[in-house]
**Q** 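To start, I am sharing the structure in question, which I have written as structure tokens.
Given the structure is predicted, the values throughout are model-derived calculations rather than measurements. The chain is numbered in sequence order, starting from 1.
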Amino acid sequence: MTHSRVIATIGPASNHPDVLIKLRHAGMSVARLNGSHNTPEWHAETVALLRHTVPDVPILLDIPGRKIRTLQLAHEPSFNRGDTIILTTDTRHDGTEKVPVGYEHLHEKLSTGNQIFADDGTLSFVVEKIQGRDIYLRANMDGKLKSRKGINVPGIDLGQSLVTDKDRAMIAFAKSIGVDYIGISFVESREHIEAIRALIAAPVPRIVAKVENGGGIAHLADIVEAADVIMIDRGDLAVETSIDHVALYQKRILSEASRAGKPTIVATEMLHSMIDNPLPTKAEVSDITNAVLDGASAVMLSGETAVGRYPVEAVDRISRIAALAAAGRNPAASPARISSESDLRRTIRALSEALPLTHLVVLSRTGYAVRIAAMSDTGLPVLAVGAHEQLTRSWNLLPNVTGLYLNDASELFAQEEEPLLRVLTDGGYLHGDDYVIIIQAQQDNQSADGNVIRTLNVKAWLHNQQKVFNNAEVA
């Protein structure tokens with residue numbers, strides 16, 4: 001069990017039972033599906049396959065949101081520097097003459113001279129002219145424009161609404177197939193997250209807010225507070241802001257999320273060279289190490305596991321790098337904003353440093369206490385007991401957490417520790433040499449009323465239980 005989780009994107013290279021099992025054994029903690037690729041039928045079948053093959057693994061579905069992409073193309077045009085490529089909002093085209101995009105008003109928002117980037121900024125163009133629904137681009141380099149690739153227009157307000165009809169359809173679909181997390185693109189405000197949460201209208205799916213443009217950076221504190229998880233999408237962030245600032249923005253986001261006790265995913269090109277090669281570059285190893293040292297709760301693989309030649313090797317490699325980095329990580333900085341939540345995190349960390357603890361045991365209805373325990377940065381395994389099956393599984397994204405769904409868990413919340421410990425010891429989760437903290441916390445972070453933290457020596461408890469059993473037999 002490593003401190004930082006590993007998220008693996010599932011695609012044609014990995015949506016097979018034997019590969020999924022190998023990915024799980026290699027260290028995959030969360031399975032990601034990219035809603036911008038494949039059909040709804042493919043995603044529904046893949047979710048069913050994941051539930052059957054690796055049932056404890058949470059599933060994250062990234063939905064396209066406001067991101068503009070090329071559509072599925074029958075012909076993917078290659079070009080040289082100086083060539084003209086025609087984008088169009090007329091979706092009847094297939095790439096043979098013009099490349100269609102998925103935002104019907106794009107031609108209305110652009111002007112001659114605008115810079116356009118594609119495919120995470122690897123392709124660059126300048127708008128030469130606009131005729132009707134057609135956008136004539138001059139290529140700044142050689143390349144190939146492929147299907148379903150992102151289109152970025154930095155600094156231009158494209159005037160899209162916070163929640164699109166496509167978002168509503170994708171969220172309804174995500175709920176119907178039972179995913180645990182939804183990734184929301186280009187989040188720029190608390191209002192955006194609240195609008196998505198209102199559409200979900202349920203404890204799960206949880207919300208992963210993707211910070212990937214200047215608006216997200218400008219309103220970072222509000223976004224971190226409102227979201228369940230933060231993702232640093234470095235591909236779009238580099239294009240929408242500046243590639244020279246990406247590492248600095250990454251550190252800033254990780255620091256803000258760490259202070260707020262929110263988990264953070266670092267994504268894009270973590271092991272990009274392993275799409276085609278069995279070994280990573282030294283720069284990639286350093287990148288992963290520094291992300292974990294800076295506080296990343298999870299690191300994510302995209303093409304490496306979706307279409308790469310070495311998906312299992314990539315997961316194994318990033319898991320081992322993350323584990324080494326986590327072992328050398330210093331505790332998180334003290335929160336700048338004092339609250340009962342930050343006090344709880346500090347208390348849990350202080351107890352773990354003062355006592356020979358082996359586990360944190362959390363009873364939770366909502367996951368609030370689970371996040372506090374996981375983000376207290378103790379490095380200890382967290383056994384999180386919940387009564388909502390899907391919500392409990394979603395907790396496995398958090399660092400060091402094992403979600404334990406118990407049908408009657410809600411009955412344990414108001415009782416003494418004996419029934420809970422009996423369940424955990426009978427199930428083999430705790431043993432005689434374990435020393436644990438049992439944690440319950442109130443969702444109201446303005447007050448510490450009702451918060452419970454108690455330490456317990458399992459060996460002593462088992463000894464007392466044996467004495468009670470022996471006395472009962474004598475009687």
Side-chain angles (χ1 to χ4, degrees), residues 1-11 13-14 19 22-32 34 57 60 119-122 210-212 229-239 241-255 257-258 263-333 377 379 397-400:
M1 182 181 294
T2 65
H3 186 276
S4 288
R5 295 311 210 190
V6 173
I7 300 175
T9 301
I10 307 304
S14 49
V19 178
K22 289 177 182 177
L23 290 175
R24 184 71 180 100
H25 290 161
M28 177 180 71
S29 311
V30 178
R32 170 183 176 257
N34 189 341
V57 173
L60 161 63
D119 200 357
D120 280 344
T122 59
K210 299 170 69 174
V211 177
E212 46 192 347
V229 182
I230 306 299
M231 181 189 291
I232 307 171
D233 186 328
R234 302 184 301 184
D236 283 308
L237 186 60
V239 179
T241 58
S242 161
I243 192 169
D244 298 334
H245 289 79
V246 167
L248 296 174
Y249 286 144
Q250 175 174 309
K251 286 179 176 292
R252 178 177 167 185
I253 296 166
L254 288 170
S255 176
S258 179
T264 311
I265 302 165
V266 176
T268 313
E269 297 179 351
M270 301 302 290
L271 286 175
H272 189 69
S273 67
M274 287 192 71
I275 291 177
D276 296 309
N277 300 295
L279 292 174
T281 67
K282 284 74 174 175
E284 289 168 336
V285 173
S286 179
D287 179 34
I288 296 163
T289 301
N290 281 307
V292 175
L293 289 175
D294 285 344
S297 306
V299 285
M300 192 175 95
L301 299 174
S302 300
E304 299 94 332
T305 52
V307 297
R309 295 174 60 190
Y310 304 97
V312 176
E313 292 85 348
V315 169
D316 178 66
R317 179 69 61 175
I318 201 170
S319 297
R320 287 190 281 131
I321 296 168
L324 286 171
R329 192 163 107 179
N330 294 321
D377 213 22
L397 178 146
L398 299 168
N400 291 341

**Q** Keeping S273 on the side-chain end and P280 on the backbone end, is there a donor-acceptor pair under 3.5 Å?
**A**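 A pair under 3.5 Å: no.
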
**Q** To the closest 0.5 Å, what do you measure between CE (M231) and OG1 (T264)?
**A**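 Here the interatomic distance stands at 11.0 Å.
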
**Q** Let me see the working for I288 and L271 under side-chain contact (heavy atoms from CB on, under 4.5 Å), right down to the final yes or no.
**A** CA-CA 9 Å; I288 296 163; L271 286 175; 3.6 Å; yes

**Q** Where is the tightest heavy-atom contact between P311 and A13, given as atom of each residue plus distance?
**A**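 In this case the closest contact between P311 and A13 is CG-O, 3.9 Å.
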
**Q** Would you confirm whether N290, through its side chain, and S286, through its main-chain N or O, come within 3.5 Å as a donor-acceptor pair?
**A**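 The answer is yes, because a donor-acceptor pair under 3.5 Å joins these two groups.
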
**Q** T9 side chain to R32 main-chain N or O, any donor-acceptor pair under 3.5 Å?
**A**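 Answer holds: no.
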
**Q** Are V299 and I321 close enough, and set up right, to give a side-chain contact (heavy atoms from CB on, under 4.5 Å), and what steps lead you there?
**A** CA-CA 11 Å; V299 285; I321 296 168; over 6 Å; no

**Q** Testing the basics here: between R234 and M270, what is the closest heavy-atom pair and its distance to 0.1 Å?
**A**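 Where R234 meets M270 most closely, the heavy atoms are NH2-SD, 2.9 Å.
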
**Q** CD1/I7 to OG/S29 distance, rounded to the nearest 0.5 angstrom?
**A**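 Atom-to-atom, I7:CD1 and S29:OG are 8.0 Å apart.
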
**Q** Would you check if D120 and D236 make a side-chain contact, meaning some heavy-atom pair closer than 4.5 Å?
**A**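 They are in contact (side-chain heavy atoms under 4.5 Å apart), so the answer is yes.
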
**Q** Looking at S319 and V315, would you say the former's side chain and the latter's main chain have a donor-acceptor pair under 3.5 Å?
**A**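 Side chain of S319 to backbone of V315, a donor-acceptor pair under 3.5 Å: yes, one is there.
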
**Q** Please evaluate residues L254 and Q250 with respect to the criterion side-chain contact (heavy atoms from CB on, under 4.5 Å), reporting the C-alpha separation (whole Å), side-chain torsions for both, the decisive distance (0.1 Å), and the verdict.
**A** CA-CA 6 Å; L254 288 170; Q250 175 174 309; 3.9 Å; yes

**Q** Got a sec: does the CD1 of I243 have more than 12 other heavy atoms crowding it under 6.0 Å?
**A**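 Atom CD1 in I243 is not packed in, count stays at 12 or less.
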
**Q** Any idea which heavy atoms bring A325 and L293 closest together, and the distance?
**A**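 Of all heavy-atom pairs spanning A325 and L293, the closest is O-CD2, 3.4 Å.
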
**Q** Looking at every heavy atom in both Y310 and D276, which two are closest together, and how far apart are they?
**A**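 For Y310 and D276, the tightest heavy-atom pair comes out as CE1-O, 3.5 Å.
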
**Q** Report yes if some heavy atom in the side chain of T305 is under 4.5 Å from a heavy atom in the side chain of M28; otherwise report no.
**A**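 Side chain of T305 against side chain of M28, heavy atoms only: no contact under 4.5 Å found.
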
**Q** When rounded to the nearest 0.5 angstrom, what distance separates NZ in K251 from NE2 in H245?
**A**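 It comes to 15.0 Å.
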
**Q** Which atom pair, heavy atoms only, marks the closest approach of R5 to L397?
**A**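 Heavy-atom minimum between the residues: CG-O, 2.9 Å.
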
**Q** Report yes or no: does E284 contribute a side-chain atom to a donor-acceptor pair with the main-chain N or O of H272 at less than 3.5 Å?
**A**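 Such a contact is found between E284 side chain and H272 backbone.
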
**Q** Taking the side chain from D233 and the backbone from G235, do they hold a donor-acceptor pair closer than 3.5 Å?
**A**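 Side chain of D233 to backbone of G235, a donor-acceptor pair under 3.5 Å: yes, one is there.
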
**Q** Kindly indicate whether the side chain of D294, heavy atoms from C-beta on, has any atom under 4.5 Å from the side chain of V266.
**A**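 Heavy-atom side-chain distance check fails, nothing below 4.5 Å.
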
**Q** I need the T268 OG1 to M300 CE distance, nearest 0.5 Å.
**A**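 Reported to 0.5 Å precision, the distance equals 6.0 Å.
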
**Q** How close do I318 and V6 get, counting heavy atoms only, and between which atoms?
**A**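 Scanning both residues completely, I find the closest heavy atoms to be CG2-CG1, 3.6 Å.
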
**Q** Quick check against the 3.5 Å criterion: does S255 have a side-chain atom that pairs as donor or acceptor with the backbone of R252?
**A**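 Such a contact is absent between S255 side chain and R252 backbone.
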
**Q** Could you walk me through whether L324 and T289 pass side-chain contact (heavy atoms from CB on, under 4.5 Å), step by step?
**A** CA-CA 8 Å; L324 286 171; T289 301; over 6 Å; no

